[in-house]
Amino acid sequence: MTTLTFDSINPATGEIVDSHPKQTPDAVHEAVGRAEEAAAWWAALGPAERRRRLLDYKAVLAQHLKELATLVHQETGKPVGDATLELVLTLTHLDWAARNAQKVLGRRRVATGMIGLNLAATLEYLPLGVVAVIGPWNYPVFTPMGSIAYALAAGNAIVFKPSELTPGVGVRLAELFRESVPEHPVFQTVTGLGETGAALAADPRVKKVAFTGSTATAKRVMAACAENLTPIVAECGGKDAFIVDADADLGAAADACLWGAMANAGQTCVGVERVYVVDAVYESFIRELSERVTKVKAGEHYGPITMPGQVDVIKRHIDDATKSGRVIAGGPESVRAPYVDPVIVEDVPEDSPAVREETFGPTITVRRTRDAQEALSLANASAYGLGGTIFSRNARRAAELARLMRSGMTAINSVISFAGVPALPFGGVGDSGFGRIHGADGLREFARPKAIARQRFAMPGMNLTSFNRGPAELERLVRLVTFLHGRRKR
Ligand code: NDP
């Protein structure tokens, strides 16, 4: 019989971490069938019991924190410390989703307005059913759990297809969930390659797909979903800009810039990839950055490139950038697969691949700008629009720039800080995708609004939705509407 398994490999050592089944479309079909039944049970369990179970799951994950961090370390190559941080952030999101689901989604009365005076109206957000989560490898716990935790809290069942590079973590997350919810398979993981994910996205019983990965694959997933009108939330990475204004704390900015760009070997969807520094502080900032970068080493401060094929993309961007720009740190020799040392290049043309395409590696381009306004224009001239950073001591000015940045999230005087605030929605615009995970928006993303209007009494002389309606009723309506809405504002 042909082998129906695949191996997950430690990218740092090349050793096999474990083998996992390549689940066939039939196996995926069966998992979705089980999930449909589990979804009905989970939804009927009610918000208070779901909250209790999810908080228990949080405790189970916390008790297995070291084991999970080690597994993440083995499958991605990232340092155990970084894997631990990823897990800690995941726990805070799970906690927030569990504690806030009822408040955000529960039934509430809404105002009915003058014309609906005789009505009582309620709004609530009901579960969708089965949610498919297709996850990436760069943050194999934090990123998929940003969908899974919120979708579970909203009352849905999950079928999770982890990246083929990090299947073990995905399997373990679902296994541990069964300690808190043993009755039904409310959270299942299916392992395999791209075809397994494709079968999952194409299943008509899946009511929403939460996808994280490349823009190209998101389009394929969306095309498959179109067949069944299955909605998707797509988180597709970015080309985030880091703006340093004239009054910024340059030491803090250089420190944050370096970490935001190089941590996790740059394999962060909201990682820093483009840096724009205003002319007045350009030389000083470059000095701060150059001093610090000499102390950062691949293999010591961050791990290897997790996906072997990504090394070629990073190499192509470095070659391109160093040909046209001026090297501040590193260069083509920084690529010693699977590791890549930090690379910083200045004055790379804005239309070059290193500035336009997602690199997903420990490299940045730096450009001098006339002022913050020009920096913002260049930052916004990207097909992507996920996150971004502003460094400035002027809080009002920084907030203004942040609001004008064409992205879903912006950090001020820190990097990536928004991802650690569970109440803030996370997602992008343009090629970075659409829809939101995290926060109240993230809970509503995995629920359908249910609107109910109940007539409390018949409105005397105003029975508008009847064939018995006469001209006098219509006349009264027109008088009322003119009174309510007919006053001009000029
Ligand atoms: P992909 O977009 O190809 O994969 C993301 C997920 O989708 C994986 O679980 C993958 O499974 C799955 N998948 C692949 N093909 C299909 C399909 N036809 N239908 C359904 N699911 C599918 O990303 P890669 O891992 O190949 O990385 C490529 C690039 O994407 C990176 O270089 C980076 O630029 C970007 N990326 C962005 C991320 C982010 O955080 N936004 C995360 C990861 C990557 P499998 O792994 O088995 O192929």
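Both counts, for ligands and for their atoms, begin at 1 and track the order of listing.
Ligand 1 is surrounded by I134, G135, P136, W137, N138, K161, P162, S163, E164, G192, L193, G194, G197, A198, F211, T212, G213, S214, T217, V221, E235, C236, G237, C269, M307, Q310, E358, F360, each with at least one heavy atom closer than 4.0 Å.
Salt-bridge formation is not detected for the pair K22/E195: no Lys NZ or Arg NE/NH1/NH2 atom is positioned less than 4.0 Å from an Asp or Glu carboxylate oxygen. Salt bridge present: K239 and E273 bring a charged side-chain N and a carboxylate O closer than 4.0 Å.
In this structure F360 satisfies the ring-ring contact (aromatic ring centres under 6.0 Å, His included) test together with W137, sequence neighbours excluded. For D319, the salt bridge (charged side-chain N to carboxylate O under 4.0 Å, His left out) test picks out K315, with sequence neighbours left out.
Sorted by first and then second residue, the pairs that involve residues 336-354 and meet side chain to side chain donor-acceptor pair (under 3.5 Å), not counting sequence neighbours, are Y276-E350, Y282-E346, R326-E346, R326-D347, R336-D341, E350-R367.
If you check the side chains of H29 and R205, you find a donor sitting under 3.5 Å from an acceptor.
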